[in-house]
Protein chains: 2
Amino acid sequence: MAMSDTLKAISDPVRRQILNLLKDQSKPAGEIAAQFELTPATVSYHLKLLKQAHLITERREKNFIYYDLNASVFEEVLSWIYSLGIGGTPHDKK
Amino acid sequence: MAMSDTLKAISDPVRRQILNLLKDQSKPAGEIAAQFELTPATVSYHLKLLKQAHLITERREKNFIYYDLNASVFEEVLSWIYSLGIGGTPHDKK
DNA sequence: CATCTAATTAGAAAATATTCAAAATAGAAT
DNA sequence: ATTCTATTTTGAATATTTTCTAATTAGATG
């Protein structure tokens with residue numbers, strides 16, 4: 001179920017963009033929501049799905065909720081992709 | 001749009017299983033359909049989506065349509081995942 | 001060319017996913 | 001304790017996806 005959750009989570013462009021935003025540093029929900037033309041409620045829904053897929057973790061600080069990226073769950077996805085026999089050296093540059 | 005199509009395609013378990021079936025050798029649509037408790041029409045719909053994502057190619061032979069895996073489109077997905085800074089050496093075994 | 005086989009396309013129904021407005025929660029600040 | 005701020009949850013509307021049955025296509029075979 002784990003990989004299925006991961007892939008479902010990243011199948012949505014909004015959720016991928018959220019992961020991109022958290023790449024360098026964690027951010028509070030409001031700051032994340034501000035990047036989209038969506039209501040905070042909608043972004044909160046996407047955060048919930050990412051959280052359920054363990055792609056992000058949350059951390060309270062003051063009255064903000066900070067979200068952190070957890071890219072380690074991609075391991076399983078990478079293994080599956082490589083099992084399909086993708087050509088070339090993994091992560092080969094150019 | 002390419003990566004979006006790829007990720008959408010592999011977000012469905014039926015379509016992932018189809019890719020798994022094609023891992024070692026190409027197979028005709030009927031043989032693929034037989035692996036699922038779905039009608040041939042439904043499996044054909046999934047094949048269409050995989051084709052649109054360029055994850056498979058089709059090839060006519062007699063009156064069968066053989067499908068082949070094309071895992072090369074995963075390159076872009078892999079790049080994105082690595083850009084998120086996944087820990088460890090790419091494709092590190094254990 | 002009539003027919004059979006393999007598979008797809010069309011159209012509609014059912015199931016899921018996404019979105020928003022309004023209400024609720026949780027903690028901080030006054 | 002009341003209020004303010006950040007965020008989530010709820011419930012309903014809309015959009016998208018998946019599935020099926022029935023009809024169609026494309027090529028092979030008699």
Side-chain angles (χ1 to χ4, degrees), chain A residues 1-22 25-70 73 77, chain B residues 1-22 25-70 73 77:
Chain A
M1 208 74 290
M3 186 169 74
S4 202
D5 287 346
T6 307
L7 292 175
K8 204 73 108 67
I10 64 172
S11 72
D12 182 89
V14 170
R15 291 191 291 269
R16 285 199 302 278
Q17 189 54 40
I18 290 173
L19 297 182
N20 288 338
L21 289 170
L22 297 178
Q25 71 242 292
S26 64
K27 289 190 171 61
E31 199 170 319
I32 296 168
Q35 307 300 311
F36 299 93
E37 297 202 327
L38 296 169
T39 64
T42 296
V43 174
S44 188
Y45 157 79
H46 287 294
L47 289 169
K48 182 175 67 171
L49 295 191
L50 288 169
K51 210 177 349 173
Q52 285 170 353
H54 304 104
L55 277 160
I56 59 175
T57 57
E58 70 178 20
R59 170 171 53 87
R60 276 192 172 274
E61 194 167 317
K62 305 257 298 192
N63 53 344
F64 296 87
I65 299 179
Y66 282 82
Y67 285 96
D68 294 82
L69 176 64
N70 173 34
V73 297
V77 172
Chain B
M1 210 74 291
M3 186 169 74
S4 203
D5 288 346
T6 307
L7 292 175
K8 205 74 107 65
I10 64 171
S11 72
D12 182 90
V14 170
R15 292 191 290 270
R16 284 199 302 278
Q17 189 54 39
I18 291 173
L19 297 182
N20 288 339
L21 289 169
L22 298 177
Q25 71 242 291
S26 65
K27 289 191 169 63
E31 199 169 319
I32 295 168
Q35 308 299 313
F36 298 94
E37 296 201 328
L38 296 169
T39 64
T42 297
V43 175
S44 189
Y45 157 79
H46 287 295
L47 289 170
K48 182 175 68 172
L49 296 192
L50 287 169
K51 210 175 350 174
Q52 285 171 352
H54 305 105
L55 278 160
I56 59 174
T57 58
E58 69 179 20
R59 171 172 51 89
R60 276 194 172 273
E61 196 168 315
K62 305 255 300 189
N63 54 343
F64 296 88
I65 299 178
Y66 282 82
Y67 285 95
D68 294 82
L69 176 65
N70 172 35
V73 296
V77 172

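As the structure is a computational prediction, the values presented were derived from the model and not from experiment. Letters go in sequence order (proteins before strands), and every chain restarts at 1.
Taking atom CZ on A/Arg60 and atom C1' on C/dA28, their separation rounds to 11 Å, with Å as the unit. Rounded to a whole Å, the CZ atom of A/Phe64 is 8 Å from the C1' atom of D/dT5. Distance A/Glu37 CD to C/dT18 C1': 16 Å, rounded to the nearest Å. Atom CZ in B/Phe36 sits roughly 13 Å away from atom P in D/dT18 (whole-Å rounding). As a whole-Å value, the separation of B/Gln52 CD from C/dT9 C1' is 13 Å. As rounded to whole Å, 10 Å separates atom P of D/dT17 from atom CG of A/Asp12. Atoms CD (A/Glu61) and P (D/dT5) sit 19 Å apart, rounded to a whole Å. Atom-to-atom, OH of A/Tyr67 to P of D/dT8 comes out at 4 Å; the value is rounded to the nearest Å.
Using a 4.0 Å heavy-atom criterion, one finds that B/Ile32 contacts no nucleic acid atom at all. Counting any heavy atom pair closer than 4.0 Å across all strands shown, A/Lys51 reaches no nucleic acid atom. Residue contacts shown for B/Ala29 are limited to sugar-phosphate atoms, with no base heavy atom under 4.0 Å away.
Judged by closest nucleotide on DNA chain C, B/Gly30 is the one of A/Arg15 and B/Gly30 placed further toward the 5' end.
Residue A/Thr42 places at least one side-chain N or O closer than 4.0 Å to OP1 or OP2 of C/dC20. Remark: A/His46 is in phosphate contact with C/dT19, judged by side-chain N or O atoms under 4.0 Å from OP1 or OP2. A/Lys62 has a side-chain polar atom (N or O) that falls below the 4.0 Å cut-off from OP1 or OP2 of C/dA29.
Looking at B/Lys27, its side chain never comes within 3.5 Å of a backbone N or O of B/Tyr66 through a donor-acceptor pair.
Environment of NZ in A/Lys51: crowded, with over 12 heavy atoms of neighbouring residues, nucleotides or ligands closer than 6.0 Å.
Taking only side-chain atoms of A/Pro28, from C-beta outward, the nucleotide of D/dT18, D/dT7, C/dA29 with the closest atom is D/dT7. Side-chain atoms of B/Ile65 lie closest to C/dA7 of the nucleotides C/dA7, C/dA10, C/dT19. Of the candidates C/dA6, C/dG27, C/dT16, C/dG27 carries the atom nearest the A/Asn63 side chain, counting heavy atoms from C-beta on. Candidate nucleotides C/dA17, C/dA21, D/dT19 were compared by shortest atom distance to the side chain of A/Thr39, and C/dA21 ranks first. Comparing atom distances between the B/Pro40 side chain and each of C/dA22, D/dT18, C/dT8 picks out C/dT8 as nearest.
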Checking A/Asn70 against A/Leu55 for the side chain to side chain contact (heavy atoms under 4.5 Å, CB included) test, could you report, in this order, the C-alpha distance in whole Å, the side-chain angles of both residues, the deciding distance, and whether it holds? CA-CA 5 Å; A/Asn70 173 34; A/Leu55 277 160; 5.9 Å; no
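Looking at B/Ser11 and B/Arg16, their side chains never bring a donor and an acceptor atom within 3.5 Å of each other.
Note that OG of B/Ser4 is 10.5 Å distant from CD1 of A/Ile10, once rounded to the nearest 0.5 Å.
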